[in-house]
Each structure stands twice: as structure tokens, then as C-alpha cells.
Amino acid sequence: MLLAVFLFVVVPVVLAVSIAIVLCIHRRIQQVSVLSLLAISAHRGLPLAEEVSALSASRQRSRKRKLKLLATALAGGEPLSQALANDDSIVPAGTVLAASAGEQATALGRALREKAAQETESLQRMYLGTPFVWLLAYFIAVLTVAQCIVMFQMYYIVPKMKKIFEDFGTELPAMTVMVIQVSDLTVKYFFAFIPLYWGPILLLLFIGLLLFRRWNFLKIPWMSRWLPREDTPALLRALAYIVEAGRPLPQALARLTEVLGHSAVRRRLEAVQKAVESGENCWRALSRQSLLNRAEVALLESAEEMGNLPFVLRELAGNVERRREYRLYLLLELMRPVVVIGLGVIVGVFCMAFFLPVIKLILDLA
């Protein structure tokens, strides 16, 4: 029964989520390639509609359809930001904001090139060139192997050991009895123990899937109160271009709001726009919407007085992203000793439970 559930339920789920993670990495690479093409074309002054149409010829069916729709919108005279806003799944998150800011600052090529460079670096750092993938694989592999061994011992070895001691008429040690009781309980109520056994593994796989997919949680309104700063780096970089070009912030915020498809950020920016139009400081308005913290507001106000606001906005955006990645790595590193210590305790209990009966049996028979 345990083996059948393992082969036909657990293994397919783990493999399906793992394949989904790989497909999401591939999708991220495709998004960056589209963004790079747009950046090169905009920088060289090439017609974007023709370049996107040519790229669609080498893509798969669903991807080809989306790229053709983008090319049609561009050929019809729509700005790039608006055309991308119609379906922002073909480019990395934040590209629409970068394109809108670049159009307002008449620096579309530069904005897209910097965005492409950032996304390429992020792809290499987060998915291909850092310990994140290996840490995730390590946790999943260790938990999977350990749980398979425990299930094998409890299902096949423990009942046989129990039968041997019953035949010899001797009692098992208390620790072994405890393990046997857990084994019997697990076999009897196996489906109730599935979340305990495979919950950590599926949770790790799901977290990895979300990170690789880079889902924008702000598309879910009730999640915005928990993750309000998901789009803060892209917004700060967009504002850097706008401030650098000397554009009025209320009008610029209105343009940025128009191209945002997800309602949570849109509502926050609309509130910021109204506050700025009424004379409130932009950075304080962003802070009231939980898009900036107090230290960042103070830094931006100081930079505004010193005249180096665009530079500080870009550096602050990078700092927010680095802190986010640092917290992720810190969490994974903290999980490593917890996993090792937990598995060490389990191994110690099983070693004592399986070796004490051998010693007791030898002593009783002697």
C-alpha cells in the first residue's frame, strides 16, 4: 500500500512540480530574449513591429500568437508600453513600467537596455549562478531520501522484527516499542500522515515554483497588503527616468497608472497621484501606500536637495532587490541546520530502536 501510494501519487506530484520549475526557467529565458530584442531594436531605431513579427516565426504556437498580437498592436501605432500592457506575460515583470518611463523621457532604448541587463544579471544570479537552485535541490533530495528510508523501515523491517521477538517470547525495549507503535499507527492511518511526510517537500517545490515563475502577487488584491513592495524596484527605476527628464510627477504617475494591468498597484499609484496633485511630497505619499519605508523617504528627500535624485533612485531600486535576495538566501541557510538536526534526531532514534533489540535478544538467549 505504501509503495503503491509512493509510486502513483507522490512521485508523479514531485516530478510534475519539478518539471514545472524547469519550464518556468525556460519561460524566463524566453522573456529576457524578447526584452533584449526590443532593447536592441529601440536603441538602433529599428521598426519594433517588424522585429517582433520576425521573432514570432521562430517561436512555439502559443508564444507565436502572443508575439504576432504584439507586432499587430505596434504596427497599428500603439506605444510599446501600451502594447505590452495588453499581455505582459511575454516580457519580464516591470518591463511595462520601464517602457512607459522611457517613452515619457524620450529614452526608450536606454530604459529597455538597462532593464534587459538587469534581468539577465538577475537570471544568472538567481537561477543559474548562485546556490539557490542547489540549496533547493539539496533540501528536496535529503527530505525525499530520508522519508523513503523511514517508510521502508517502518513498513517492511519493523513488522518482521516484531514477529521475531514474539516467536522468541521476549519483550522489546521501550524505544523499539514506541517506534513500532508509530509504525502501526502510520500504516493504519497512512493518508492522515501524508501531509506530515510529504508536506515539507511539496512546500519547498511550491516555493521554488513561485520564485522561478516570478508570479506577481499583487495581481491578487488581498495579497497586496502582505507584499506591497513587489513592484517597488521597477517603480523607482521608472521614476528615475521621469525625474531625469524633468517631467511633472502627477502626469507621469498618471501615465504609469494607465499601463498597470493589476489593480492593487494601480490603486496605490492612483492614491499617490492624487496626493501629489494636492501638493503632498511624492516620496511621503509612496510611503503612506507602503511602497517605501521611512529610511528610504529620508534618503530620497536628501538626494532631492543635493540634486542627485535619479542616481539615488536607481541605487535604491537595486538595494531593495539585493535585500530581498539576501533574505531569501538567509532563510535557506537557516533551514539547512534545521533539516540536518531534525534528520540527525530521527536517525539517532531509529539506530537506537533497531540496535537495542539485537543486544537485548542476545542477552536474553544467553
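Both backbone and side-chain heavy atoms feed into the values below; hydrogens, waters and symmetry mates do not.
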Scan side-chain atoms only and decide if Thr257 and Glu270 contain a donor-acceptor pair under the 3.5 Å cut-off. no
Nearest heavy-atom approach of Cys282 to Leu249 is CB-CD1, 3.8 Å
Just verifying a value: how many Å separate Leu38 CG and Leu84 CG, rounded to the nearest 0.5 Å? 6.5 Å
How long is the gap from CG on Leu269 to CG on Leu253, to the nearest 0.5 Å? 6.5 Å
Flag yes if Phe355 and Met178 sit in one hydrophobic cluster, no otherwise; membership is Ile, Leu, Val, Met, Phe, Trp, Tyr, and two members link when side-chain heavy atoms are under 4.5 Å apart. no
Tell me, yes or no, whether the heavy-atom count around Lys64 atom NZ, taken from other residues, nucleotides or ligands under 6.0 Å, exceeds 12. yes
If you group Ile, Leu, Val, Met, Phe, Trp and Tyr by side-chain heavy-atom gaps below 4.5 Å, do Leu46 and Leu55 land in one group? no
Does Ser100 reach the main-chain N or O of Val96 with its side chain, forming a donor-acceptor pair under 3.5 Å? no
I'd like to know if the side chain of Ser278 and the backbone of Lys274 have a donor-acceptor N/O pair within less than 3.5 Å. yes
How long is the gap from CG on Leu112 to CD on Glu103, to the nearest 0.5 Å? 8.5 Å
Under a 3.5 Å distance rule, please check whether Thr120 uses its side chain to pair with a backbone N or O of Ala116 as donor and acceptor. yes
Can you see which heavy atom on Pro250 is nearest to which on Gln273, and at what distance? O-CG, 3.8 Å
Matching residue for Leu239 among Leu300, Leu97, Leu286 - test: side chain to side chain contact (heavy atoms under 4.5 Å, CB included): Leu286
Begin from the C-alpha positions of Glu280 and Arg284 and carry the test salt bridge (charged side-chain N to carboxylate O under 4.0 Å, His left out) through to its verdict. CA-CA 7 Å; Glu280 185 177 351; Arg284 295 183 183 276; over 6 Å; no
Using a 3.5 Å distance criterion without hydrogens, assess whether the side chain of Ser53 forms a donor-acceptor pair with backbone atoms of Glu50. no
Go through the steps to decide whether Glu119 and Thr95 satisfy the test side-chain contact (heavy atoms from CB on, under 4.5 Å), and finish with yes or no. CA-CA 10 Å; Glu119 291 295 330; Thr95 303; 5.5 Å; no
Specify the closest pair of heavy atoms between Pro233 and Ala317, including all atoms of both residues, with the distance to one decimal. O-CB, 3.4 Å
Check step by step if salt bridge (charged side-chain N to carboxylate O under 4.0 Å, His left out) holds for Arg323 and Glu296. CA-CA 13 Å; Arg323 280 185 294 173; Glu296 293 166 348; 2.7 Å; yes
Do Val297 and Phe311 share a hydrophobic cluster, counting only Ile, Leu, Val, Met, Phe, Trp and Tyr and linking them when any side-chain heavy atoms are less than 4.5 Å apart? yes
Any chance you could measure Arg237, atom CZ, to Leu313, atom CG, to the nearest 0.5 Å? 10.5 Å
Quick one: do Ile40 and Ile29 end up in the same hydrophobic cluster if we chain Ile, Leu, Val, Met, Phe, Trp and Tyr together by side-chain heavy atoms under 4.5 Å apart? no
Working note: Arg322 + Arg327, criterion side-chain contact (heavy atoms from CB on, under 4.5 Å); need CA distance, chi angles, decisive distance, verdict. CA-CA 9 Å; Arg322 286 189 294 270; Arg327 292 190 186 101; over 6 Å; no
Please report the closest heavy-atom contact between Ile90 and Val34, naming both atoms and the distance. O-CB, 3.7 Å
Using residues 73-80 as the side-chain source, report each donor-acceptor pair under 3.5 Å to any protein atom, sequence neighbours left out, with the distance given to one decimal.
residue : atom : partner : partner atom : Å
Glu78   : OE1  : Asn86   : ND2          : 3.3

With a 4.5 Å limit on heavy-atom distance, are the side chains of Trp283 and Val276 in contact? no
Could you state the interatomic distance from CE (Met175) to SG (Cys351), rounded to the nearest 0.5 Å? 11.0 Å
Leu256 to Ala101 - nearest heavy-atom pair and separation: CD2-N, 4.3 Å
So how far is it from Gln289 CD to Leu235 CG, rounded to the nearest 0.5 Å? 11.5 Å
Distance alone, cut at 3.5 Å: any donor-acceptor contact between the side chains of Tyr326 and Glu321? no
If two hydrophobic side chains count as joined below 4.5 Å and joins carry through other members, does Leu299 share a cluster with Leu236? yes
Scan Arg247, Arg110, Gln104 and name whichever one has a side chain to side chain contact (heavy atoms under 4.5 Å, CB included) with Tyr241. Arg110
Closest heavy-atom contact between Leu67 and Ser56? CB-CB, 3.6 Å
